[in-house]
Each structure stands twice: as structure tokens, then as C-alpha cells.
Amino acid sequence: MSYRQSLSYSVLQRHYILFFMQAILSRVTIFIFLILPLIVQAQNNEKVVETILSQLTVEEKLRLIIGGGFTEDASLRNALNKVPGAVGKIHPVKRLNIPATILSDGPAGVRIRPYRGLDSSRTYFATGFPVATSLASTWDTNLVKELGVALGKEAKEYGIDVLLIPALNIQRNPLNGRNFEYFSEDPLISGTMAAALINGIQTNGVGTSIKHYAANNQETDRKTVDEIISERALREIYLRAFQIALKRSEPWTLMSSYNKINGIYAAENEDLITNVLRGEWGFKGLVVTDWHAGKHIVQQVVAGTDLIMPGKIHELRGLTSAYKNDSLSIKAIDKSVKNILQLILKTPVYNGYKYSDTPDLKANAILSRKVAAEGMILLKNNQNTLPLKSDLGVALLGAASYNTIANGRGSGEVNKAYVTSVEQGLTNANYVVDSQSEIASADELAQSNDVAVITIGRNSVEGRDRKIENDYYLTSQERKLIKELSRAFHAKNKKVVVVLNVTSLVDLSDWQDDVDAVLLAWHPGMEAGNAIADVLSGKVNPSGKLAITIPKKYQDVPSAAFFPGVAFTKENPSNNASTTRVVEYKEDIYVGYRHFLTKNIEPAYPFGYGMSYTNFEFSKVSISSNDFKQNLDVSVTVKNNGKVAGKEVVQLYLNAPKASLDKPLKELKGFAKTKLLAPGESQTLKLTITQDELASFNTQRSAWIADKGKYMVTVGNSSVDNKNELQFELKKEIVVEKTNTIKYPDSVKALQ
Ligand code: BGC
């Protein structure tokens, strides 16, 4: 070896040594500064919990388990009601300086009362953010996390310790009255969005509650319906969203649902709470019931529930006598109390946070508007009808143009200071808005305006499902309005735009051929009108994509024939008085696009679809290997080929080989959104496929199994974009995860 060579060799050696030392040091640094404090904190908390537990009387323990919805002690009332309108409280223990913990809804913003007593000099309005369906339609986890950070901070400044969100039930059917609170028909996007929101909110030291576990997919008889679901459909669709969320975040709490699942109330279901949630998935947080849920509170605690909400005195008496007659052990009580104490130790109130009651509502309104616009989906845009040129005269029709809907009703409602209407939004954006709404004058409107904008509005409410006629389908007046205006405006070579300000899907097939452009705006929060105007004007280039499938007709929805189940009547009595209805999930795992793609049913608009004012090209699509070992990376370059800046969503779908199981044609296994790409600009995105993505649930074997064989990957901008296909092979089956069998113990059956 020459001197030069040996010199460079030793330089190289030094370089490697330095490199490894740096790597070790940086790991040690991460461990010392980030991980160690967490471990020490957890151990300290554990000790504090044990100490408090040893000092609590049994009565105090039971009071912690039963929510603070009541008190006989007048001196505690102020503490329990310190945030008027907050829906849940945990009893304080004054003797041990444990303050009352405050829980509040909801999915589109903090739900508290805006006025307090007679004092009108001070208000407590909250930011109305876009609903969850809108958040999911952004396909942008960073943005959803950003919203979470702002929402968590707002909650904290209003004295809230735990926000009762996110709600991540699957949108099984468009008639579900609470769909607006849920993200999607797909568990991956639901779970991923939920995790982004949780991670954002909890950076503030405020807790979250993923809900409603599980299969809370309809409102009709929600407290007494029995949902019959196969274990595979539960595991792959309904539980999966929760499992994914829990892999990517650590929500402080989880709320069980009202309904029964295969004969057992969710809140009393030991298999689901203790075996699956805690045992299989390692959930360490607190399990809370939904408000006034279920029948048997002792069984709820035995099954693994920690906190019963909102809490009633007779429930306290019930638990006390169960403890006295030995049907509730101190072990079960302590287990719940420990989880409650662990939660309390993390809360702002316990840690002495002095909240201001003055969150930054201005900044949050700006963020709400930004997210709302990102969640809108451009469904149709013939001959570049949109964006609308500035200064146009707009004939603005439809009640929702003037009373624009910010969010749905029920616990997902927010008391916000205002909602900007579409009229205000368009006016703010310098359009000349013509508010005549007479159909008789359609020709006059077409004469005196440049374009027609019609807003179709729908709202829905917790506790009730929607109707097919005059709700899912447009009313005859609405259809007439669209028809008349389209005829009159088209006769003058002018365009008609429809904005859908809707709670969930409405039919489009009946009328969309009449109009030139359709914007699906959802319930966009309190800046609704401004955000809609941002997209209509082109200030924001739409980049939202459908997180649900729009069918051609309601009957094409896979659950249409089984929703909302069969009610028990005198002629068809139930042998169980607490069950009033049974709904069988006969579509099984074929929910949403899994059904449309596999059964080859053409939808009106497919899952993942959404247009832009520019166009994108996908190129250099490649896979790191064709032989699956551990993980695979798929990369793709997205180029903006159009004239305006825009964002695109890359979606990765997998077609898995069938061994013993029937499988969907394709399933979403990854997605990513580009940054705002200027015209001509490109970005390369990378998506990783792990074993998890390969596996399906095999009920016979109680396991998630990745079958050996060839897997097809498609990378595109919707579920039907098949331009870029790749293949890889798994040479040997992998048992990705062994599970328990979900069974239904006799002890529980006996209670029904
Ligand atoms: C809803 C929950 C909500 C709770 C408290 C229940 O009726 O199902 O989602 O968090 O009320 O308002």
C-alpha cells in the first residue's frame, strides 16, 4: 500500500470512527434528553399514582369512576362547573388536592357555552373549524396536525383538560346522521387523520378521546341497536381505524360506543376493551363510556371501562352495593382508578395551568379558513368554468348561499361568534352578488349576471339518520332551480356552478349534467363563505380528494339494503327487551370503494378523486425491490404541468394475492401530499410499504397474514388511476400478527 493510499485509508478509518461515534453520541443525546425524561416522568407518575391510591377511601375511588355529573356537596359545584357548557367532569378529591378534570366536545371545535350568567360584557365563543370529513378530504396530515395544535391550545386556554375527539367511525352509509363527524369510508385515512389530530392537540398537554369504539355507524336506535359484524369486517374495517390511530399516536382516552356489537354493549365488551384494545394493541390510557351508555355499570367496569359518564348518583350507589356484595372487586376498582389518576396527573388543571379565557380566535379563524379551502373537492369543471374571473356579476341562489352551514348539529356543534355566508365571501372577494332568488326570473337573472352560483345545503343531527327522499336526493324545488337556471344561463352562453354545502353525500347523477362546475365544500367551519370564495375565485387552487365514494344512486351503496337494520315489533319480537333493532353488516369487508372496485360497479365519482386548476404528471415511479423482505419504498415524481401553482395527492393502492381469502381488488395502503408546486416544479415523494400493509385478517387462523404471491401496486391520484403499476413478490407467507379470538362470554350473555 502506498503512503498516499495508507494516508487516505487512515483518513477514511478516522472518518468512519468519527461517524460511528457521532451516531452513538446523537443516539445517547436523544436518549438522555428526550427518552429518559419520559421514562423518569412515567416512573414518577406511577409512584404518585400508587401513593394517591393508597390514601383514597373506597368511596372516593368509586366517586372518581362515576363522572362528576352530580354532587351533593355544594362547595364542589364551582369547581365542577367552572367551564359552563363543558360536557364532562371528573370528581375532585379536595382532601388530597386533586382538582376537577374538565372534558369537552367536540370534533369541529371546543363546545362550551358562549355566555355566562348575566354578564354580557364577556363572551366565550370558540373557533368553528371544518368538520372531520372536510379534514380527511385534505389528505394532508401536516395540516390536520397544525389544526390540532391550534384546537388544543384553544381548549387549554378555555380551561379544558380533555377534548372528546377525534371521532373515527367509518362512513358506512351516507344516511348516517353523524357522518360529518367522521373522516372516511376507509380505515387507513380515518386512522391516519385521527392520529395527526391527536398528535397536534396533545402537544399542548391537553388530552383527546378517540371515539366511538366501535362500529357506531348509525344513529337510528343508537343506544339499543345490535350490530352483527363478522370478525374479519370488524378487524379489517371497523376496529382497524382505531388500531391504526393507536399505532401512530397515544390518545389519553378512548370512548366506547352506545351500540351493541354481536349481542354485547360496546361498553361492556371485555373482548373489545380488555383483550383487543389493551391486550393486543397495548392501549395504556383511560376508557370512558359514551354519555348515558349501556345498562350494566358493574359489567362496564368489569369489562375494562374506567370512567362512567356523565355520572349519576344512583350509579354511585350501584357500584357501592356491588363492591359490598362482592360482585365488584377492589382489584377492578383500583385498576380503573389508576387509569383515572394517570390521566389526572397529565392534565393542565392538575399541573396548575392558569388559563386565560382569551385564546387567539383571530389566528384560529385564519387557520380554519385555510383548512376549509384545502378540504374542498372540485368534482366537475367543464371548459374551465372555474375559477371565476374577478368582478363578475354573480346570480347567487339557494338558501345555503345566505345561511351557510358551518358544521353539523349535536355534540359536534360549536358556539362560534359568526359564520361567513357564501354571499359575504363572494362580496369580500369583489364579486357583484345578485341575491334575487325567484325562479320565474331565471331569464332576467341570466340577462343581468355573468354566472349563476347555486348552493345546495344539507345539515344533519346526532341521534337521527337522514332520509333518502328530499335529503339524499335533491328536492323537486332544488332540481327545478338547477334546471331552470341552467336553461336560462346556457341560452346566453353563461355558466352555472353548484356548491355543495353538505353534511354527507347527496345525489349528483340526477342533475349534474345540467351544470358546468360542481364544488363539494362540505361543512367548512365558520369561515365557510370566505373559504368557498377562495376556491371559486382561484385564490386557492383546490387540492381536496374524496375520502368516500359517490355512488350513481343510493341503491349502489353496499350497505343500502341493510341500513338501518330491522326493528323489532309486536309481530317480530326480540327475546331481549334492551335490543330494539338488529343491523346485519352483510356487505362484510366490502365497504365503500372496496365494493365498487371489486364488484365492478361504476360510481359517479370514485374514492380518491378530485380536480385541480392545474394538471400534474406522475413520473419515475419506482420500487426499491421486487422481492419483499421487510419493507419496500415506492417513489414517484410529481410535476406541475399547468399554469398555476397547486398541490397533488399521491395514493398507493395494493392488490394482494388471494390464498384462502377473498380480497378486495384494491386497498389504499399509503398516501402523501405534495407541497404547493409552482408551474413546472416537481417533487419526489416516497411511500413505504410494510408487512402490515400486505396482511388480511384470517378468522380461521386468528391472525393477520400476508399471503405469498404477487402483489400489484398502483400509484395514482385516485382509486381508479391505473397508469402506474408496479409489482413485487412475497416468496413466503408472513404471519404478521396473531390475535385473540373475539368471543362472547356467558357471564355477559346472562346479563342481557
Ligand atoms: C356523543 C359523544 C359526545 C357525548 C358528550 C354523546 O351523545 O355520542 O360523541 O362526546 O355525547 O357530549
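Start at 1 and go down the list; that is how both ligands and their atoms are numbered. Throughout, numbering of the chain's residues begins at 1 and tracks the sequence.
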I'd like to know if Lys260 and Glu268 make a salt bridge, using a cut-off of under 4.0 Å between side-chain N and carboxylate O. no
Is the charged tip of Arg581 near the ring of Phe568: under 6.0 Å from the six-membered ring centre and within 45° of its axis? no
Would you call Asp290 and Lys223 a salt bridge, taking side-chain N to carboxylate O under 4.0 Å as the test? no
Determine whether the aromatic ring centres of Trp522 and Phe183 lie less than 6.0 Å apart. no
Measure and list all N/O to N/O distances between ligand 1 and the protein that fall under 3.5 angstrom.
| from | atom 1 | to | atom 2 | distance (Å) |
| --- | --- | --- | --- | --- |
| ligand 1 | 7 (O) | Tyr258 | OH | 2.8 |
| ligand 1 | 7 (O) | Glu462 | OE2 | 2.7 |
| ligand 1 | 8 (O) | Arg178 | NH1 | 2.7 |
| ligand 1 | 8 (O) | Asp290 | OD1 | 3.3 |
| ligand 1 | 8 (O) | Asp290 | OD2 | 2.6 |
| ligand 1 | 8 (O) | Glu462 | OE2 | 3.4 |
| ligand 1 | 9 (O) | Arg178 | NH2 | 2.8 |
| ligand 1 | 9 (O) | Lys211 | NZ | 2.9 |
| ligand 1 | 9 (O) | His212 | NE2 | 2.7 |
| ligand 1 | 10 (O) | Asp105 | OD1 | 2.6 |
| ligand 1 | 10 (O) | Lys211 | NZ | 3.1 |
| ligand 1 | 12 (O) | Asp105 | OD2 | 2.5 |
| ligand 1 | 12 (O) | Arg111 | NH2 | 3.3 |

Should Glu60 and Arg63 count as an ion pair when the cut-off is N to O under 4.0 Å? no
Can the ring centres of Phe125 and Tyr115 be said to be less than 6.0 Å apart? yes
